[in-house]
Amino acid sequence: MAPVIGVVQFPGSNCELDVVEAIEGLGGNGRVLWRRPPISGVDGIVLPGGFAHGDYLRPGAIARFSAVMESVIAFAADGGPVLGICNGFQVLTEAGLLPGALQKNHGLKFRCSQAHIRVETINSAATGTAGVGDVLEIPINHFEGNYTCSPETLDELRANDQIVFRYVDNPNGSTDDIAGVCNAQRNVVGLMPHPERACHPLLGSVDGRSVLGSMLAWTSRGTSALAAPTSASTVR
Amino acid sequence: MVSGISGYGNSVGVPTVGGETVFDETYLGNPLVNVFALGVLPVERLVLGRATGAGNLAVLLGSTTGRDGIGGVSVLASAGFGDEGTEATKRPSVQVGDPFEEKRLIEACLELLDRNLAVGVQDLGGAGITCATSETAAKGGAGMDVYVSEIPAREPGMEPFELMISESQERMLAIVEPEHLDAVLEIARRWEIRASVVGTVTGTGRLRILERRGGEVLADVPAKSLEEDAPLYDRPRAEPTDLAERRSASANALPAPTDAAADLAELLADTSWVSSQYDHQLFLNTVEGPGGDATVLRLKHPTTGADTGRGLALSCDGNHHWCAIDPRVGGAATVAESVMNLATVGARPVAMVNCLNFGNPEHPEVMWQLSEAVDGLADACRALSIPVVGGNVSLYNESRGTDIDPTPIITVLGVVDELTRRPPGVRLVEGGRLIMLGETVRELSGSMWARRRGHRRGTLPAVDIDAVARVAGVLRQLVNDGLVLGAHDVSTGGLGAAVAEMAIGSGVGARIARVDDHVDLFSESAGRAVVCVAVDQVREVLDVCEAAGVPATKLGAAMDDRLVVKDLIDVALSDLTRIWRDRLPTQLGGGTTQG
């Protein structure tokens, strides 16, 4: 049976159908989840790009209080794979599922362009089928993509191998060129680039298949394969 | 402006997939933003802006109605800026947008159309509720009663006339059968938008504005009076009195450049400073985005999402330099440019829309420009069998007594019948041969090169539409048969800019000849393109051209890291690239886009 990936639609999300299309192109079963809980019957969850709740206040600041996030947090605590793309990454940091924060780009401009990111670890829900050092061409599309965290968190991320992707040519001022990180349990991953936009040859790159394909592959592991899942609250 | 488009467009979830950016002092007091929006829908789901069926309900969806945008079309659009006394009262009436509200409104409207719950829908634009209710009623051959008390007001104390003509954004009027009202309200609740029954369709043919249901009648007019029976103007037209004198002053008489490379460099500008601030990839359709000759989108089935194997192409063009000299020929040349742009991506034109941006039509010369431009566009479209399916008009673009240059902006929609690979793009491939399709008319009047020298007179090079059609047809065939490695139309900046942009786009230099002088280099005559062809396919390409009666000139080869035009230009490609890339970021004060 094809793994079922639930793609959460907040009001203001806009990449949910794109993610479903890409997931289905990879043989998965994509399903848009309205933001009302409960979430059930899914093997993985994607928080897609867009402007959840209008990005009012700041990106993710309101979406984190959405009722659906309790289900997402519980799903993640059970070891289920959760991928936050762009705005979804912002929501995950606001919800405390991932460390750090995303502030406005260096240069204070929205930026939509191709980006090259390097896979830094294959021990995550988004890179299991990749190779360390692989360079992926995947578009970015954000205003608030400048990854920021405290020096202590950065040390921890490095020590725990939680930096999943780094930009080859930092487009937004991110600390340590970070394009994506995972939690300590490695099942929750957030990244700013949009892998779903790089899954079709006519769109110029198919490197995004590595990211989404890894997530699909991860769903078949079951929770027992996970490294000591605890509660999400251990993540700063 | 860029922030406005970026901030709203990106968050409302509509990719900005192409466009054109033009800077000129003519727009200093009247900047123009023209938007073309393309949607795809299953024909069976088409719902028109018609109110039919007496007893049906007019439901206002979306935002509250405020004092913003009052008199937008009537005040803003009918007097120039800079008139003493009116300035202060006009500028604040521009609306403040809320893309998040619009996003939810769009989702809700799509859902109610998907579920067949509306007999008609109409967005609220100029003149707000007045226009939407009278238009839908007139088009449906019906009447309507509107209840002012039911319109959700943004602030207390609003007068009925303010509620009726406010142009507050993010509102839509749906005509709903009473038995579907609950379902419509449920959808509105789900998307957290307002929905209010503000009127009832009647069979009287009259638009009545009532203070409240059963209350005082504030206005009662035939619905058609505001729509079909609107007055028609035929204002005096007069060509400029010095037209003959102007037309005799050819830019060919300007002194030849002392440094053609420097002249060329100043015609080049990378506009990605603008387009990189727009999401141009949402929906996974953008095969060729901003920066090329034409945008190419995958065409997915609107219901199933299945790939149709076809592509849509768009080219958006306008050239006020041409139109200031001759709005008729300039209009035709603009159509020719769009058609050539579409051909570079293998697309055949299927429809055009336009926006006619002109000065104050009460000035007889402006009215003449308008009339000439429309004729020029229409003649070209007729000759090319391109239907003009819609458009918009923006008049009174006048600031401190000066009208803008006549600026018809067009978008031509094309179809790529079999989208199996990405278009060749504006580029060269090392070792490829450069061939120019079409024939250069040796005339610099109207060119960007001449304009940069303060020259805006003369006679535009004539547009031979049949020749344009032949060149475009051959180019389309070459692209679709995979015979070209790179393709670029010749337009602003002439042949010189075309070859330079192909070189910059690929990082491969070029060495060309058969360009006699700066006139050949910078002429912007219509119906030409440069293609880069593999050596072993040159013969085949030339044969195809000959069979179609299209002139083809072998210019030279793509090679090395310099741009060389025999006896005219020899410059390092890296220098040209730097100038091209840095021009906008430097002038706009944002550093480089790499920042």
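Labels below follow one simple rule: chain letters A, B, ... track the order of the sequence lines, proteins then strands, and each chain is numbered from 1. Computation of the quantities below employed the complete heavy-atom set of this structure, encompassing side-chain atoms and omitting hydrogens, waters and symmetry-equivalent molecules. Computed from a prediction, not measured in an experiment: that's the story for all the values here.
- More than 12 non-hydrogen atoms from other residues, nucleotides or ligands lie less than 6.0 angstrom from CZ of R154(B).
- The line from CD1 of I106(B) to CG of N14(A) is 10.5 Å long, rounded to the nearest 0.5 Å.
- Here CG of D279(B) is found 9.0 Å from SG of C86(A). Values are rounded to the nearest 0.5 Å.
- Heavy atoms closer than 4.5 Å to chain B are found in both the backbone and the side chain of E196(A).
- Looking at N285(B), the atoms closer than 4.5 Å to chain A (heavy atoms on both sides) all sit in the backbone: N, CA, C or O.
- Contact annotation for L17(A): neither backbone nor side-chain heavy atoms come within less than 4.5 Å of a heavy atom of chain B.
- At a cut-off of 3.5 Å, with distance as the only test, a side-chain donor of Q281(B) or Q114(A) sits close to an acceptor on the other residue.
- E288(B) does not touch chain A: none of its heavy atoms, backbone or side chain, sits under 4.5 Å away.
- Comparing N141(A), L108(A), N172(A) by how many heavy-atom pairs each has under 4.5 Å with chain B, the most go to N141(A).
- Using a 4.5 Å cut-off between heavy atoms, F143(A) does not touch chain B at all.
- Other residues, nucleotides and ligands contribute only 12 or fewer heavy atoms inside 6.0 Å of the CD atom of E70(A).
- For a residue to count as touching a neighbouring chain, one of its non-hydrogen atoms must lie under 4.5 Å from one of that chain's; by this rule T420(B) touches chain A with the backbone only.
- Residue Y278(B) touches chain A through its backbone alone, counting heavy-atom pairs closer than 4.5 Å.
- For a residue to count as touching a neighbouring chain, one of its non-hydrogen atoms must lie under 4.5 Å from one of that chain's; by this rule S6(B) touches chain A with the side chain only.
- Taking both residues in full, the closest heavy atoms of D18(A) and F283(B) are given as OD2-N, 2.7 Å, listed atom of the first, atom of the second, then distance.
- The two residues R298(B) and L203(A) have their closest heavy-atom pair at CD-CD2, 4.1 Å.
- What you find for L419(B) and L202(A) is that their closest heavy atoms are O-CD1, 3.8 Å.
- Of the listed residues (Q277(B), H280(B), K103(B)), the greatest number of heavy-atom pairs within a distance under 4.5 Å of chain A belongs to Q277(B).
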Q: Verify side chain to side chain contact (heavy atoms under 4.5 Å, CB included) between F110(A) and V2(B), making sure each step is shown before the conclusion.
A: CA-CA 10 Å; F110(A) 191 98; V2(B) 172; over 6 Å; no
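- The aromatic rings of H53(A) and F100(B) sit tilted relative to each other, their planes meeting at an angle between 30° and 60°.
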